[in-house]
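The structure appears right after this line, and notes come after that.
So that the names make sense, note that chain A is the first sequence line, chain B the second, and so on, each numbered from 1.
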There are 2 protein chains.
Amino acid sequence: MAVCAALADEELSELDKIMTSRHLAPNEMLVSEGDPLHRTYSLTAGMLRLSIALPDGRRQITGFLLPGDYLGLADEDVHSSTAEAIGSVQLCSFSTREMHALMERYPKLKDRLHSFTRSALRQARDNQMILGRLAPVEKLASFLLALSARAAEHKLSANPLSLPMSRTDIADYLGLTIETVSRSFTKLRNTGMIRLPDPQTVELIDMSALEAVAGINVH
Amino acid sequence: MAVCAALADEELSELDKIMTSRHLAPNEMLVSEGDPLHRTYSLTAGMLRLSIALPDGRRQITGFLLPGDYLGLADEDVHSSTAEAIGSVQLCSFSTREMHALMERYPKLKDRLHSFTRSALRQARDNQMILGRLAPVEKLASFLLALSARAAEHKLSANPLSLPMSRTDIADYLGLTIETVSRSFTKLRNTGMIRLPDPQTVELIDMSALEAVAGINVH
DNA sequence: CGAAACATTGAGCCGCGTCAAAACGTGTGG
DNA sequence: CCACACGTTTTGACGCGGCTCAATGTTTCG
């Protein structure tokens with residue numbers, strides 16, 4: 001569990017005391033935009049999607065959380081985005097009060113969470129570039145490369161890459177429609193850069209071609 | 001100066017010791033993407049633009065910094081974006097080494113910077129929604145409202161709102177072309193929501209109409 | 001086996017980008 | 001003070017790419 005990576009044994013057991021375990025079924029909502037921030041979470045298995053919605057139903061997915069990622073980094077007193085399970089999800093839950101107390105006692109813990117926050121900020125800024133300036137195929141290529149790189153960091157399979165989220169999720173993440181996402185997958189497949197054994201699995205065949213298409217802006 | 005807002009006198013004088021003042025001419029570059037992170041900055045007057053560039057020259061502006069804002073929040077060891085002065089800029093500069101040392105001695109300082117980082121993350125995520133899901137007029141409306149709100153927070157004029165940045169900058173921030181930005185200004189003007197005494201000045205006439213157009217996603 | 005959900009493919013249209021020109025504002029020099 | 005030139009913004013005309021609407025294909029589950 002990645003929050004604890006910087007902690008000594010004594011600190012770990014303290015963290016363990018205030019932690020409770022929780023399971024989410026596929027598509028179960030964990031928190032909703034605007035909910036008061038009572039608990040924060042650390043993902044141990046599965047994938048979460050973070051999203052913001054407009055009054056008229058339009059949705060923007062701001063990120064996907066992988067095992068080891070932390071939920072609640074951006075927020076001060078209310079959740080700024082909705083978090084839902086994509087597949088089956090396992091996570092640890094902490095009361096923010098107790099977590100804050102623990103952070104005061106163990107500065108390493110605080111530093112670690114802040115390092116997470118900085119990393120999330122860098123990623124959000126890269127996403128701004130992707131959303132604002134890339135064409136659909138470029139968006140998809142950079143999405144696949146970034147996800148593959150993160151999968152590797154999180155000790156998951158980086159090359160036959162698993163895509164547990166739906167095409168709709170990918171579309172709402174990249175600012176496209178599902179049709180355009182699907183067509184972009186087809187283009188990447190037809191140019192031999194990827195293979196699609198099934199819709200939730202991608203093989204990245206020609207990494208350097210993908211990087212060229214993506215503009216190598218994948219940190 | 002906003003970094004110091006939470007500091008006692010003794011702490012302030014310590015901060016003052018490690019601080020050096022600096023001035024930037026219009027369009028002068030402060031740091032470039034990839035530069036090693038030796039110094040961080042706190043803006044005291046003027047406006048900075050943060051941007052990321054693609055190999056082919058496409059550019060995404062990830063944010064505008066106002067007086068009181070801090071530069072270097074997201075970065076670990078290199079700058080992840082380019083920072084340039086928009087008009088004439090005045091800022092305070094800190095060696096990251098010394099700043100880190102000071103943060104260890106005064107936890108309040110550290111907490112304050114981390115609060116800045118969280119706030120920047122929330123803003124970056126709102127930007128993702130704006131970039132991914134809003135139509136041009138909606139983008140512009142939400143940009144104007146957000147800038148006006150921030151101007152108010154930073155004790156600047158919120159309603160006859162000053163736009164020191166060029167149309168190109170606004171376009172690169174909103175993921176549009178300058179022509180579309182200009183046309184969107186015209187639409188907002190023709191529907192009576194804003195007035196444009198000159199290109200760098202906007203009067204927000206009908207706030208609630210603007211909010212409706214923007215989707216009220218401006219926290 | 002049928003139904004439902006999801007993904008892919010197709011056809012047509014509209015909006016934004018592209019290219020081009022005009023208007024505006026500013027500063028410089030005659 | 002005017003004339004001119006330059007940069008920026010605005011407006012116009014047009015084409016293309018991605019969205020919309022619709023149909024087909026595929027997989028999963030009851």
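Between the side chains of B/T201 and B/D198, at least one donor N or O lies within less than 3.5 Å of an accepting N or O. For the residue pair B/R59 and B/S51, no side-chain donor N or O sits within less than 3.5 Å of a side-chain acceptor on the partner.
With rounding to whole Å, A/F185 atom CZ is found 9 Å from C/dA7 atom P. Straight-line distance from the CZ atom of A/R58 to the P atom of D/dT20: 10 Å, rounded to whole Å. In this structure, A/L163 places its CG atom 10 Å from P of C/dT8, rounding to the nearest Å. Atom CD1 of A/I178 and atom P of D/dC19 are 11 Å apart (whole Å). The CG-C1' distance, from B/L140 to C/dC16, rounds to 15 Å in whole Å. Remark: P of C/dC16 and CG of B/L131 are 15 Å apart, rounded to the nearest angstrom.
Summary of the strand contacts: A/R133 and A/M165 both lie near DNA chain C, and taking for each the nucleotide with the nearest heavy atom, the more 5' one is attributed to A/M165. Of the two residues contacting DNA chain C, namely A/E179 and B/A135, the nearest-nucleotide position lying further toward the 5' end is that of A/E179.
Within a heavy-atom distance below 4.0 Å of DNA chain C, no residue of residues 186-204 of chain B is found.
Considering only heavy atoms from C-beta on, B/I170 comes within 4.5 Å of B/F185 through its side chain. A/T117 is not listed as a side-chain neighbour of B/H114, based on a closest heavy-atom distance of 4.5 Å or more.
Of the charged side-chain nitrogens involved, none lies within less than 4.0 Å of a carboxylate oxygen, so that A/R49 and A/D172 do not count as a salt-bridged pair.
The backbone N or O of B/D75 lies less than 3.5 Å from no partner atom in the side chain of B/S80, so there is not a single donor-acceptor pair. Listed for the B/N159 side chain is a donor-acceptor partner under 3.5 Å among the backbone atoms of B/L204.
Where the helix from C/dC1-D/dG30 to C/dG30-D/dC1 starts and where it ends, the local axes point in directions that differ by 30°; five pairs per end, rounded to 10°.
Taking the six-membered ring where the residue is Trp, A/F94 and A/Y70 present parallel rings, their angle staying beneath 30° rather than reaching 60°.
Checked against C/dT8, C/dC16, D/dT9, the side chain of A/R167 finds its nearest nucleotide in C/dT8. With D/dC19, C/dG17, D/dG18 as the choices, the nucleotide that has an atom nearest any side-chain atom of B/L176 turns out to be C/dG17.
At a cut-off of 3.5 angstrom, the base of C/dG15 holds no donor-acceptor pair with the side chain of B/R183.
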Handout entry: Residue pair B/R39, B/R22: steps toward the side-chain contact (heavy atoms from CB on, under 4.5 Å) verdict
Key = CA-CA 12 Å; B/R39 309 191 71 78; B/R22 188 162 167 197; over 6 Å; no
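A/S182 comes within 4.0 angstrom of a nucleotide base, judged by non-hydrogen atoms across all strands.
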